[in-house]
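Below is one structure, written out as structure tokens, with a few remarks after it.
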Amino acid sequence: MSGVIKFGTDGWRAIIAEDFTFENVRICAQAVAEYLKETNDTQRGLIVGYDTRFLSENFGAAVAEVMAGNGIVAYLCDRPAPTPAISWAILDRKAAGAAIITASHNPGIWNGFKYKPDYAGSASPQVVAALEKHISATQAGKIQVRYIDLERAREKGLVRDLDPRPAYLEQVKRLVNVEAIKKAGLTVVVDAMFGAGMGYFPTLLDDGTTKVIEIHNVRNPLFPGLDHPEPIDHNLKALAQAIAEHKANAGLATDGDADRIGLMDEQGNFINQLQVYGLLLLYLLEVRGMRGPIIKTVTTTAMANKLAKLYDLPVYETPVGFKYVGPMMMEKDAIFGGEESGGFGFKGHIPERDGIVAGLFLLDLMIRKDMSPSRLVEYLYSLVGPHYYDRIDVHFPPEDRGEVTSRVQSCRCDQIAGLKVLHIDSKDGFKFNLEDGSWLLIRFSGTEPLIRIYTETTRQDLVQPILEAGLEIAGLEQDS
């Protein structure tokens, strides 16, 4: 009997062989086929891609077989590929959308199913609701899963092989002056984290004076040495060592499906995701001269508002997830959208996270401003002031969720850690906006008994007191 299949901030994820089974993947694929029929969009075909995880190519083939069984052409990627490259293929092929087998940054025992509609971004809440409706109907036996054996489907022309790299690489070269980066004489270490982004930076930056050293650039679904393939500080020890060994100018890291970016400076120090958001926005405004609305999630930096104020630009805040950011980028014709997890999207590209493009933009920023990453952070702070960020995750008994929620909901604090509370926002969790742009956010996980407490403040000595105030409001103690 299939378990409940629910989409989170970007797709459905589950543990391989427990809930992530061929049966459930086919159910998801059938739901996509039903959605395309419902929207009268079966003629353009569906891109089917996958990452480097265990059996991802086999799960991808199962999706293609279901499309074929429903008379829909599947353009099946012939190798693992980054999610942004697969998403770009939607626009390049004018396809109806894409199904992608990936669990992004989750540990190796997980896999996942993402759906990207024809606009090549994360599925909106409305699209997710439609897919989940068809999934439920299929699980209830009201819809039959139809599929054709892969080889027979190929013979019938319903499954066609696709190499997503050439079209994507050409798009990247339209977005950034790759030749200038190649000629800059930089030494850059790239951590591919055993994921689908391996080979892309060396391919783009080969044949110049810039040297790219890539580590963790073989397929290994166990992601050895990493808790999980997420480009955050504690997963980047090998990157820091390689930066020191090669006396590199910077280190970049992409997650399992290369839609997120991590940055380390020339000393091997991690530059956090909020700082990277600020640097990328600074690049678009100051170096590229772009003007327009800016999108950020509730967990993202107040530096966005401060930079936007310098240029008299609007900032729109969304709940967490690119299923909110992407549609808002399109609605507002935004120049930039990003989130605390290290995912960033750009005008003129796909309304979706792209770790490879973000990494190239950061290198271009270094070249155009003639500054090291550490100096760029100093320059950013000279414009908006220093900002300090941290987050803690706290587990609690599932039966206590209502009580914890009630405690947070009923809080009417005038001050937190000595800072005045200006207003409380509840669009996604409970965000206490404090004076000087500081904030505290208490947010519940949608999939497990876990509360996330975030803060960003202009004073380093207030980070821990604000987080402790969040624990006190929730009536919880930090995990040991």
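As the structure is a prediction and not an experimental result, all values here were calculated from the model.
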Taking the side chain from [X] and the backbone from [Y], do they hold a donor-acceptor pair closer than 3.5 Å?
X	Y	value
R391	L467	no
D436	S438	no
Y324	S124	no
R353	G121	no
K332	V315	no
T209	G185	yes
D425	K431	no

Min side-chain heavy-atom separation [X]-[Y] under 4.5 Å:
X	Y	value
I16	I109	no
Q273	R260	no
F201	T254	yes
P80	D51	no
D10	K116	yes
L285	L313	yes
L263	L252	yes
L434	I466	yes

Between side-chain atoms of residues 380-390 and protein atoms elsewhere (two or more places apart, or another chain), which donor-acceptor pairs fall under 3.5 Å?
residue	atom	partner	partner atom	Å
Y381	OH	Q275	NE2	2.8
Y381	OH	H387	O	2.8
S382	OG	Y379	O	2.5
H387	ND1	G385	O	2.9
H387	NE2	K306	NZ	3.2
Y389	OH	E340	OE2	2.2

Checklist entry - Do the numbers put R288 on top of the ring of F361, so that NZ or CZ is under 6.0 Å from the six-membered ring centre and no more than 45° off the axis? => result yes
Checklist entry - Can the positive tip of K296 be found less than 6.0 Å from the middle of the six-membered ring of Y277, inside 45° of the ring normal? => result no
Taking atom types as modelled and ignoring hydrogens, do the side chains of [X] and [Y] form a donor-acceptor contact shorter than 3.5 angstrom?
X	Y	result
D257	T83	yes
D354	Y168	yes
E266	S372	yes
R13	N106	yes

Checklist entry - Measuring from L476:CG to I392:CD1, what's the distance to the nearest 0.5 Å? => result 9.5 Å
Checklist entry - Which distance, rounded to the nearest 0.5 Å, do you find between the CZ of F223 and the NE2 of H216? => result 11.5 Å
Next on the checklist: Heavy-atom count check: over 12 atoms from other residues, nucleotides or ligands less than 6.0 Å from K309 NZ?
Outcome noted: no
Next on the checklist: Quick check on E378: does its CD atom have over 12 non-hydrogen neighbours (other residues, nucleotides or ligands) under 6.0 Å away?
Outcome noted: yes
Item to check | Under-4.0 Å salt bridge between R407 and E403 | outcome: yes
Checklist entry - Hey, what's the ring geometry for F59 with F20, parallel, tilted or perpendicular (30° and 60° as the breaks)? => result perpendicular
Checklist entry - When you look at I350 and I90, which way does the side-chain contact (heavy atoms from CB on, under 4.5 Å) test go after all the steps? => result CA-CA 10 Å; I350 49 177; I90 300 170; over 6 Å; no
Checklist entry - side chain to side chain contact (heavy atoms under 4.5 Å, CB included) with L205: which of K183, K182, E179, K211? => result K182
Item to check | Partner set under side-chain hydrogen bond (donor to acceptor under 3.5 Å, both in side chains) for K369, not counting sequence neighbours | outcome: E286
Next on the checklist: The test is side-chain contact (heavy atoms from CB on, under 4.5 Å); show your working for I101 and F113 and say whether it passes.
Outcome noted: CA-CA 5 Å; I101 301 297; F113 185 105; 3.9 Å; yes
Checklist entry - How far apart are the C-alpha atoms of V178 and V176, what are their side-chain angles, what is the distance that settles it, and do they pass the side-chain contact (heavy atoms from CB on, under 4.5 Å) test? => result CA-CA 6 Å; V178 170; V176 63; 3.8 Å; yes
Next on the checklist: Using side-chain contact (heavy atoms from CB on, under 4.5 Å), reason through D364 and L360 one step at a time and then give a plain yes or no.
Outcome noted: CA-CA 6 Å; D364 196 35; L360 291 169; over 6 Å; no
